[in-house]
Amino acid sequence: MRNKIVAGNWKMNNDLNESINLISAIKKGLDEKNSKVEVIICPPFTSLETASALIKNTAIKLGAQNMYFEKNGAFTGEISASMLKSVGCQYVILGHSERRTIFGESDELINKKIKSAILSGLNPIFCIGETLQQREKGEAFKIVDQQIKKGLAGITKEEFEKIIIAYEPVWAIGTGKNATPEQAQEIHQYIRKKISTIYGEDSAEKTIIQYGGSVKPENSFQLMSQQDIDGALVGGACLKADSFLNIIQSAAI
Ligand code: 13P
């Protein structure tokens with residue numbers, strides 16, 4: 001049985017004071033006895049160090065939203081995996097559709113980032129998912145297939161076991177229009193099968209596959225009760241402590 005993992009991707013929201021307030025509210029409302037659900041928060045870079053201090057001795061884990069694959073050097077504006085580690089991150093979101101579409105990140109670049117993250121001891125949350133156009137053309141399976149193949153190229157079974165996969169259909173992100181539990185389950189099951197052909201059934205069974213895209217308290221229980229949906233990567237609804245806590249609660253049922 002896989003434990004559920006609920007992660008909050010804050011995106012480009014919350015300055016330092018707002019971050020402190022949100023984390024305090026999440027801490028206050030979190031049922032620490034509920035160890036069945038792992039909780040990750042991914043604030044912007046500028047709040048990571050403070051967040052790390054605030055969640056010390058709690059069950060909340062820290063993740064970043066991006067990184068560059070090089071160790072250091074002349075890469076103005078970029079952040080390395082070891083820098084993230086040094087401020088207490090255990091996770092990093094990679095391959096998010098906003099990075100792919102707005103910032104032009106390719107599968108090859110994402111692959112390099114995944115390798116670099118793992119090498120530094122970070123656990124990647126590797127995002128995949130099709131656009132509306134691709135879904136309407138009947139290409140959803142083909143797209144996730146390609147993203148998995150290219151994103152995980154050259155990654156060993158042992159390395160793969162550090163990765164969380166997040167299926168986020170692009171058409172469901174920030175649109176209020178979530179995939180139905182059945183639509184999501186269909187792709188999650190497919191992803192697990194694909195993983196099994198690459199890394200074997202034992203790895204596939206252990207892999208956490210989160211769903212992301214307009215997850216909210218009203219739909220989180222139904223989504224996460226699907227057999228192959230092992231948690232959620234939450235955007236908008238993680239910016240309010242109440243809705244994030246409700247989603248975490250629904251993962252515990
Ligand atoms: P929304 O929950 O706002 O749709 O965002 C999902 C997402 O992109 C999480 O990474």
Side-chain angles (χ1 to χ4, degrees), residues 4-14 18-19 22 26 37-45 47-48 51 60-67 84 89-105 110 113-114 117 122-132 134-135 140 143-144 147 151 163-181 183-184 187-188 191 208-224 226 229-251:
K4 299 254 189 303
I5 303 186
V6 175
N9 174 8
W10 294 16
K11 308 194 179 183
M12 198 173 75
N13 292 293
N14 293 329
E18 290 163 339
S19 299
L22 180 54
I26 294 170
V37 183
E38 191 172 314
V39 178
I40 305 169
I41 54 167
C42 304
F45 291 136
S47 296
L48 287 175
I60 307 169
K61 309 255 168 60
L62 190 63
Q65 299 172 21
N66 184 30
M67 51 160 265
L84 296 179
C89 289
Q90 293 182 43
Y91 295 88
V92 60
I93 298 171
L94 295 173
H96 193 279
S97 75
E98 286 147 20
R99 301 291 325 166
R100 291 177 189 262
T101 56
I102 305 171
F103 302 99
E105 292 197 8
I110 294 159
K113 291 185 175 195
I114 292 176
L122 287 173
N123 299 87
I125 301 175
F126 171 39
C127 304
I128 55 176
E130 81 287 358
T131 62
L132 183 59
Q134 289 162 337
R135 175 161 280 264
I143 294 300
V144 298
Q147 289 171 334
I163 297 175
I164 292 174
I165 293 183
Y167 169 62
E168 299 205 304
V170 181
W171 48 272
I173 296 177
T175 58
K177 197 177 138 192
N178 60 286
T180 64
Q183 276 174 327
I187 299 261
H188 279 237
I191 293 168
I208 297 293
I209 310 176
Q210 296 175 319
Y211 168 80
S214 297
V215 175
K216 39 190 180 259
E218 298 76 38
N219 60 25
S220 56
F221 172 71
Q222 270 208 313
L223 283 160
M224 288 190 279
Q226 300 299 309
I229 302 184
D230 310 311
L233 181 55
V234 187
C238 80
L239 298 174
K240 293 259 181 304
D242 278 358
S243 51
F244 191 50
L245 289 164
N246 279 330
I247 292 168
I248 295 165
Q249 200 54 45
S250 69

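Numbering of ligands and ligand atoms starts at 1, following listing order. Just so you know, these numbers come straight off a predicted model, no measurement behind them. Throughout, numbering of the chain's residues begins at 1 and tracks the sequence.
- Under a 4.0 Å criterion applied to the non-hydrogen atoms of Leu233, ligand 1 contributes the atoms 9 (C), 10 (O).
- Below 3.5 Å of separation, one finds no N or O of Val234 facing any N or O of ligand 1.
- A distance-only check finds no donor-acceptor pair linking the side chain of Glu105 to the backbone of Gly95 [under 3.5 Å].
- Residue Asn66 is tested with His96, Lys113, Glu98 for a side-chain hydrogen bond (donor to acceptor under 3.5 Å, both in side chains); the sole match is Lys113.
- The nearest protein atom to atom 7 (C) of ligand 1, hydrogens excluded, is given as Glu168 OE2, 3.1 Å; this is a heavy-atom distance.
- Close contacts of ligand 1 with Ser214, meaning ligand atoms under 4.0 Å from a residue heavy atom, involve 1 (P), 2 (O), 4 (O).
- For atom 2 (O) of ligand 1, the nearest non-hydrogen atom of the protein is Gly235 N, 2.9 Å.
- Residue His96 touches ligand 1 through its side chain alone, judged by heavy-atom distances below 4.0 Å.
- On a distance-only criterion, Gly236 and ligand 1 share at least one N/O pair closer than 3.5 Å.
- When non-hydrogen atoms are compared, ligand 1 lies under 4.0 Å from neither the backbone nor the side chain of Ala237.
- Scanning all heavy atoms of the two residues, the minimum distance from Cys89 to Leu122 falls at O-CD2, 3.3 Å.
- Remark: distances from the non-hydrogen atoms of Ala7 to ligand 1 are all 4.0 Å or more.
- Close contacts of ligand 1 with Gly213, meaning ligand atoms under 4.0 Å from a residue heavy atom, involve 4 (O), 6 (C).
- Near Ala172, with a cut-off below 4.0 Å to any heavy atom, the atoms of ligand 1 are 4 (O).
- Using modelled atom types, no side-chain atom of Arg100 and backbone atom of Ile110 make a donor-acceptor pair closer than 3.5 Å.
- Within the 4.0 Å heavy-atom shell around ligand 1 one finds Gly174.
- At most 12 heavy atoms of other shown residues, nucleotides or ligands fall within 6.0 angstrom of atom CD in Gln222.
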Decide side chain to side chain contact (heavy atoms under 4.5 Å, CB included) for Asn178 and Tyr211; before the verdict, give the C-alpha distance in whole Å, the side-chain angles of both, and the deciding distance to 0.1 Å.
CA-CA 10 Å; Asn178 60 286; Tyr211 168 80; 3.9 Å; yes

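- For Lys11, the closest heavy-atom approach to ligand 1 falls below 4.0 Å.
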Go through Gln147 and Tyr167 one step at a time and tell me if the side-chain hydrogen bond (donor to acceptor under 3.5 Å, both in side chains) criterion holds.
CA-CA 11 Å; Gln147 289 171 334; Tyr167 169 62; over 6 Å; no

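- The two atoms that bring Ser214 and Lys177 nearest to each other are OG-N, 3.4 Å, heavy atoms only.
- A donor-acceptor contact closer than 3.5 angstrom is absent between the side chains of Trp171 and Gln134.
- At least one N or O atom of Asn9, backbone or side chain, sits closer than 3.5 Å to an N or O atom of ligand 1.
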